[in-house]
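These numbers come from a predicted model, not from an experiment.
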Amino acid sequence: MVHEDRDDHELAGLLAARARDLLVDLRDTWTRDRRNAWGLEETADRAAHEYLAGELARLRPADTVLSEEGRDPQQARLAASRVWIVDPLDGSSDYPYADSEEWAVHVALVEGGVPTAGAVAVPTAPGLFGTATSPIPPARPPGRPVVITGRSWGGAGQRIADHLGGRVVRCGSAGVKAMAVVRGVADVYVHPSGLYEWDACAPAAVAAAAGLFVSDLDGRPLVFNKPRPVVAGFIVCRPERAADVLTALHG
């Protein structure tokens, strides 16, 4: 059980990590006890949501929660000064596969439209990225620039890669892709269309804390807890790449 004396940064990290561990254990048990993964994705989404929502209700009862798997308390959250935006299982379609590493848990706190604390937990080492520690800018990846994007969005990624003289890598989970830039194994992450806030919020918080450039597709700062919880595209990149990325996208 998480103790009440954690600050928001620590709390985001602990909750994300424990939800991730719950999901790993659930998948391992399910795989051992059943012949196939039928129903696992839905069960996992629900279990992680119930854990995160329950702990936030217990530890931050005055705050509001927007979760991908919960009901949107729109009126309450728009009036609230503190809103937790969570994705209990980002990359849920990849999660049921026993060897999949392309999924994550997102937990972020938003105040005044800005994420002020956040964490992304992934199933592989180092496992947890958050705003609890002092930002350490990632080292520049060796070799040709790497642009990471989704499996369905190769066109925008390829334009950026061509402009930078780099290459494209595709994978699932917004959290995994954004953390690739935070880890220093990619230069740019781009999602060139609308994205729900729970997909982008915690990754944006962690990336910004690491000193990276974070914006929508037009280079504008991201704003969260809007009436319609969607962001207009998502860019995470090394600051020195930002101008070239925007030029590649818009000319």
Side-chain angles (χ1 to χ4, degrees), residues 8-9 12-13 16 63-68 72-74 77-88 90-91 104-122 129-132 135 137-138 147-150 152-153 156-157 160 172-183 186-250:
D8 294 326
H9 302 279
D63 298 351
T64 304
V65 177
L66 173 65
S67 168
E68 179 179 14
D72 180 2
Q74 186 186 75
R77 68 176 175 80
L78 292 177
S81 60
R82 291 167 49 94
V83 179
W84 292 86
I85 298 181
V86 304
D87 191 340
D90 182 58
V105 177
H106 301 174
V107 178
L109 173 64
V110 171
E111 299 175 272
V114 177
T116 54
V120 175
V122 298
F129 305 86
T131 59
V147 178
I148 193 165
T149 190
S152 301
W153 305 109
I160 296 170
S173 172
V176 169
K177 291 190 283 285
M179 294 310 101
V181 187
V182 171
R183 290 167 55 206
D187 294 78
V188 180
Y189 162 43
V190 60
H191 185 96
S193 72
L195 201 62
Y196 284 110
E197 290 187 2
W198 46 74
D199 293 312
C201 192
V206 175
L212 296 169
F213 175 82
V214 178
S215 76
D216 71 7
L217 204 64
D218 292 324
R220 298 171 300 197
L222 296 172
V223 178
F224 295 94
N225 194 35
K226 301 186 298 296
R228 182 169 180 261
V230 172
V231 296
F234 189 24
I235 295 170
V236 175
C237 69
R238 301 184 61 82
E240 67 270 20
R241 299 289 192 193
D244 284 334
V245 168
L246 294 171
T247 296
L249 288 172
H250 305 293

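Looking at residues two or more places apart in sequence or on another chain, you find a side-chain contact (heavy atoms from CB on, under 4.5 Å) between Ala178 and Tyr189, Pro203, Val236. Applying the salt bridge (Lys or Arg N to Asp or Glu O under 4.0 Å) rule to Arg220 yields the partners Asp216, Asp218; only residues at least two apart in sequence or on another chain are considered. Residues forming a side-chain contact (heavy atoms from CB on, under 4.5 Å) with Val223 (at least two apart in sequence, or on another chain): Lys226.
Of the candidates Arg77, Arg82, Gln74, Arg77 is the only one forming a side-chain contact (heavy atoms from CB on, under 4.5 Å) with Asn225.
Side-chain contact check for Phe224 versus Val83: every heavy-atom pair is 4.5 Å or farther apart. Contact of the Ile235 side chain with the Leu249 side chain is registered, since non-hydrogen atoms from C-beta on lie closer than 4.5 Å. Side-chain contact between Val181 and Leu212 is present, with at least one heavy-atom pair separated by less than 4.5 Å. Using a 4.5 Å cut-off on side-chain heavy atoms (C-beta onward), Ile160 and Val190 make contact. Taking the side chain as every heavy atom from C-beta outward, Trp198 and Asp90 never approach each other to under 4.5 Å. Counting heavy atoms from C-beta outward, Leu66 and Asp72 have side chains that approach closer than 4.5 Å.
Within the model, atoms CH2 of Trp84 and CD of Glu111 stand 8.5 Å from one another, a figure rounded to the nearest 0.5 Å. Rounding to the nearest 0.5 Å places OG of Ser152 at 9.0 Å from NE2 of His191. Annotation: the span from Asp244 atom CG to Asp187 atom CG amounts to 11.0 Å, rounded to 0.5 Å. Here the straight-line distance linking atom CG of Leu222 with atom CD of Glu197 works out to 9.0 Å at 0.5 Å rounding. For the atom pair Leu217 CG and His250 NE2, the distance stands at 4.5 Å (nearest 0.5 Å). Going from atom SG of Cys201 over to atom CG of Leu109 covers 8.5 Å, rounded to the nearest 0.5 Å.
Closest approach of Ala210 and Val182 over heavy atoms only: CB-CG1, 4.3 Å. Closest non-hydrogen pair, Ala16 versus Ala121, comes out as O-CB, 3.4 Å. The two atoms that bring Val147 and Gly157 nearest to each other are CG1-O, 3.8 Å, heavy atoms only. Scanning all heavy atoms of the two residues, the minimum distance from Pro227 to Leu78 falls at N-CD2, 3.8 Å. Nearest approach of Ala200 to Val231, heavy atoms of both residues: CB-CG2, 4.0 Å. Residue Pro115 comes nearest to Ala205 through the heavy atom pair CB-CB, 3.7 Å, listed as atom of the first residue, atom of the second, then distance.
Distance alone, capped at 3.5 Å, is enough to place a donor-acceptor pair between the Thr131 side chain and the Gly118 backbone.
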Practice task
Could you please spell out the steps behind the side chain to side chain contact (heavy atoms under 4.5 Å, CB included) verdict for Val188 and Phe213?
Solution key: CA-CA 9 Å; Val188 180; Phe213 175 82; over 6 Å; no
Exercise for the section: Walk me through it: do Val122 and Phe129 pass the test side chain to side chain contact (heavy atoms under 4.5 Å, CB included)? Expected result: CA-CA 8 Å; Val122 298; Phe129 305 86; 3.9 Å; yes
